[in-house]
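Proteins get letters first, then strands, A, B, ... in listed order; numbering begins at 1 in each. From a predicted model like this one, the values you see are computed outputs, not experimental measurements.
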2 protein chains.
Amino acid sequence: MAHYTDPAGVNDATLHYLDVIYRLTQQGEMANTTDIAEKLGVTPSGASVMLKRLAERKLIQLVPYKGATLTPQGRRLALRTIRRHRLVELFLHRVMGFAWHEVDDHAHALETALTDALEDRMDEMLGHPTRCPHGHLIPRKDGSLPEANDVPLLSLPIGSAGVIRCVDTDNSDWLKYLGEQGLYPGVSIVLKDIAPYDGPVTIQTPEGLVAIGQNLAKLIYVEVS
Amino acid sequence: MAHYTDPAGVNDATLHYLDVIYRLTQQGEMANTTDIAEKLGVTPSGASVMLKRLAERKLIQLVPYKGATLTPQGRRLALRTIRRHRLVELFLHRVMGFAWHEVDDHAHALETALTDALEDRMDEMLGHPTRCPHGHLIPRKDGSLPEANDVPLLSLPIGSAGVIRCVDTDNSDWLKYLGEQGLYPGVSIVLKDIAPYDGPVTIQTPEGLVAIGQNLAKLIYVEVS
DNA sequence: ATCTTGATTTAAGCGCGCTCAAATTGTATG
DNA sequence: CATACAATTTGAGCGCGCTTAAATCAAGAT
Ligand SMILES: [Mn+2]
Ligand SMILES: [Mn+2]
Ligand SMILES: [Mn+2]
Ligand SMILES: [Mn+2]
């Protein structure tokens, strides 16, 4: 093991796999090899071999030809990485003045390099925050998640009022655009209209009416007020 | 090449080798294999193989059985790493409130993970600083070094007055101790006495007289006033 | 000039994470 | 039920950075 690798053998590649598997197992059941490979920019055969190694290390539970889920130990590491990613994002935004559409890339570069003390210090400086700049929940140190009442904007009846809580994408261009339209966490809105046949979604913001496509609108989660 | 490796193939290991070679070639001539290996915590045989690869990549000039020096390209990368290390140290100290004896480890973890934008933003936030918390010079983006008139404290005649500019060590314990004695960059001092036979060095600080061993005193560099 | 000794390089091999190509498996379909 | 097809795994191999053991080299002492 190289000296710059974590003593426990938990290196960057491992953490990225666990991170991806965590996200893929959030909604559905198991994470399948092809999806994991695709998210990591790797061939399915490469991912398959790596998954077997992760299973040997008891970080995932692997059912051949079926898919993978995280073990408690794997989940712990995944949540730690996600916590760090989101803390760094918020730090970059609040302390260092980066725009919300810029932080994901830099945070990705830093998330696996953070030391415990650095993580804790950022957490303190930010006042033990619960969400990243995009509104994703920041897991606590113990792996638990803060409470949230986020519902998809598009699931609400026309006329509903609420506060944007999360914009669920890492796409820099979309974030930049939505930010320019005044659509970001903390903003109070009213859902004015959803045009049929995948038509525009009209939203009342403090700055006026904006209309966006449904592909963007479905990224928005709100807390109903 | 893994996706988390720099496109140019400039990964952590490479940067650490270049960093070490830069420091070893500062004073003397060439950096020899054994010294490089020792600084990196690696066997000489391992270092030997790696050095050959670095030479193939034109990052060092290697004279077999003699030693290595950096090529202009290698020096550029080494200086970039050193710049980032020292900027991060200062950032951790000034912005994040870490003590000067704590920053080296964290900076080492972060230095190779920094993106260009992050480096630039830190530089801005810190007001384009020229020295790390220990007083080492921060190379500029173009690879040039700020001017400095640092002389070893122990090279001065008794009675000399000056300002501490650099404390040349990364040893956390020593730094903590010297900091507690009021000996750190920016402090005005007078050299009161150097006892013979490796005896104590007595220094007048704004807070009073302190006596330290010559092993510690020789780490201190001052600008004579 | 030869010998000795320490520094250095070479050789062989390992673990990691990746590739491509081939074999295998599970499943959907006729 | 048999077959076709897509997903997955296996096999062979590569580059990297490391190890230990063996060979080689440089240089000073005799
Ligand atoms: Mn992100
Ligand atoms: Mn985020
Ligand atoms: Mn340092
Ligand atoms: Mn320093």
Side-chain angles (χ1 to χ4, degrees), chain A residues 1-21 24-25 28-69 74 77 81 108 112, chain B residues 1-21 24-25 28-69 74 77 81 108 112:
Chain A
M1 197 73 59
H3 75 279
Y4 48 88
T5 312
D6 195 284
V10 181
N11 48 24
D12 283 21
T14 299
L15 293 175
H16 284 136
Y17 270 88
L18 296 177
D19 186 0
V20 162
I21 294 167
L24 288 174
T25 50
E29 299 300 304
M30 312 187 94
N32 53 308
T33 305
T34 313
D35 290 350
I36 296 168
E38 201 229 314
K39 288 245 182 198
L40 286 164
V42 148
T43 59
S45 47
S48 184
V49 175
M50 183 62 171
L51 289 176
K52 199 189 275 183
R53 271 201 288 267
L54 294 176
E56 279 161 16
R57 290 203 259 159
K58 310 282 189 200
L59 296 174
I60 65 173
Q61 210 217 326
L62 183 60
V63 184
Y65 292 100
K66 289 294 183 176
T69 51
L77 286 170
T81 303
H108 193 69
T112 55
Chain B
M1 198 71 60
H3 74 281
Y4 48 88
T5 311
D6 195 283
V10 181
N11 48 23
D12 282 21
T14 299
L15 293 175
H16 285 136
Y17 270 87
L18 296 178
D19 186 0
V20 161
I21 295 167
L24 288 175
T25 50
E29 300 298 303
M30 311 188 96
N32 54 307
T33 306
T34 313
D35 290 351
I36 297 168
E38 201 229 314
K39 288 247 181 197
L40 286 165
V42 147
T43 60
S45 47
S48 184
V49 176
M50 184 61 172
L51 289 176
K52 198 188 275 183
R53 270 201 288 268
L54 293 176
E56 278 161 16
R57 290 203 258 160
K58 310 281 188 200
L59 296 174
I60 66 173
Q61 210 216 327
L62 183 61
V63 183
Y65 292 99
K66 289 294 183 178
T69 51
L77 286 171
T81 303
H108 193 69
T112 54

Taking atom P of C:dC16 as reference, at what distance in whole Å does atom CG of A:Leu40 sit?
17 Å

What closest approach, in Å, do B:Thr69 and B:Glu29 show between heavy atoms, and which atom pair accounts for it?
CG2-O, 4.3 Å

Whole Å only: how far is the CG atom of B:Leu54 from the C1' atom of D:dG15?
14 Å

Measuring to OP1 and OP2 of D:dG17, would you say a side-chain N or O of B:Asn11 lies under 4.0 angstrom away?
yes

First encountered from the 5' end of DNA chain C, between A:Pro44 and A:Lys66:
A:Pro44

Could you tell me which non-hydrogen atom of A:Lys66 sits nearest to which non-hydrogen atom of A:Asn32, and how far apart they are?
O-CB, 4.1 Å

Closest heavy-atom pair and its distance - A:Leu62, A:Ala68:
CD1-CB, 4.0 Å

Rounded to the nearest 0.5 Å, the CG atom of A:Leu77 sits from the CG atom of A:Leu54 at a distance of 10.5 Å

Just the rounded figure in Å: distance from P of D:dT9 to CD1 of A:Ile36.
9 Å

Of all the nucleotides listed (D:dC18, C:dT19, D:dT20), which has the minimum atom distance to the side chain of A:Thr43?
C:dT19

Nearest to the side chain of B:Met50 - D:dT19, D:dG17, C:dT25?
D:dG17

Please determine if a side-chain N or O atom of A:Lys52 lies less than 4.0 Å away from the OP1 or OP2 oxygen of D:dG11.
no

In whole Å, I'd like the distance from the CD atom of B:Glu38 to the P atom of D:dC18.
15 Å

Atom-to-atom span, CG of B:Asp12 to P of C:dG17 - whole angstrom
14 Å

May I have the distance from B:Leu51 (atom CG) to C:dA7 (atom C1'), rounded to whole angstrom?
13 Å

In terms of side-chain heavy atoms of A:Arg53, which of C:dC16, C:dT9, D:dT10 is nearest?
C:dC16

Selected nucleotide, minimal atom distance to B:Tyr65 side chain, candidates D:dG17, D:dT24, C:dA21:
D:dT24

Would you indicate which nucleotide in C:dC18, C:dG17, D:dT10 comes nearest to any side-chain atom of A:Ser48?
D:dT10

Taking atom types as they are modelled, is there a donor-acceptor pair under 3.5 Å from the base of C:dT9 to the side chain of B:Thr33?
no

Is there a donor-acceptor pair closer than 3.5 Å between any side-chain N or O of B:Thr25 and the backbone N or O of B:Ile21?
yes

Please tell me if A:Ser45 has a side-chain N or O lying less than 4.0 Å from either OP1 or OP2 of D:dT9.
no

Whole angstroms only, please: what is the CE-C1' distance between A:Met30 and C:dG26?
15 Å

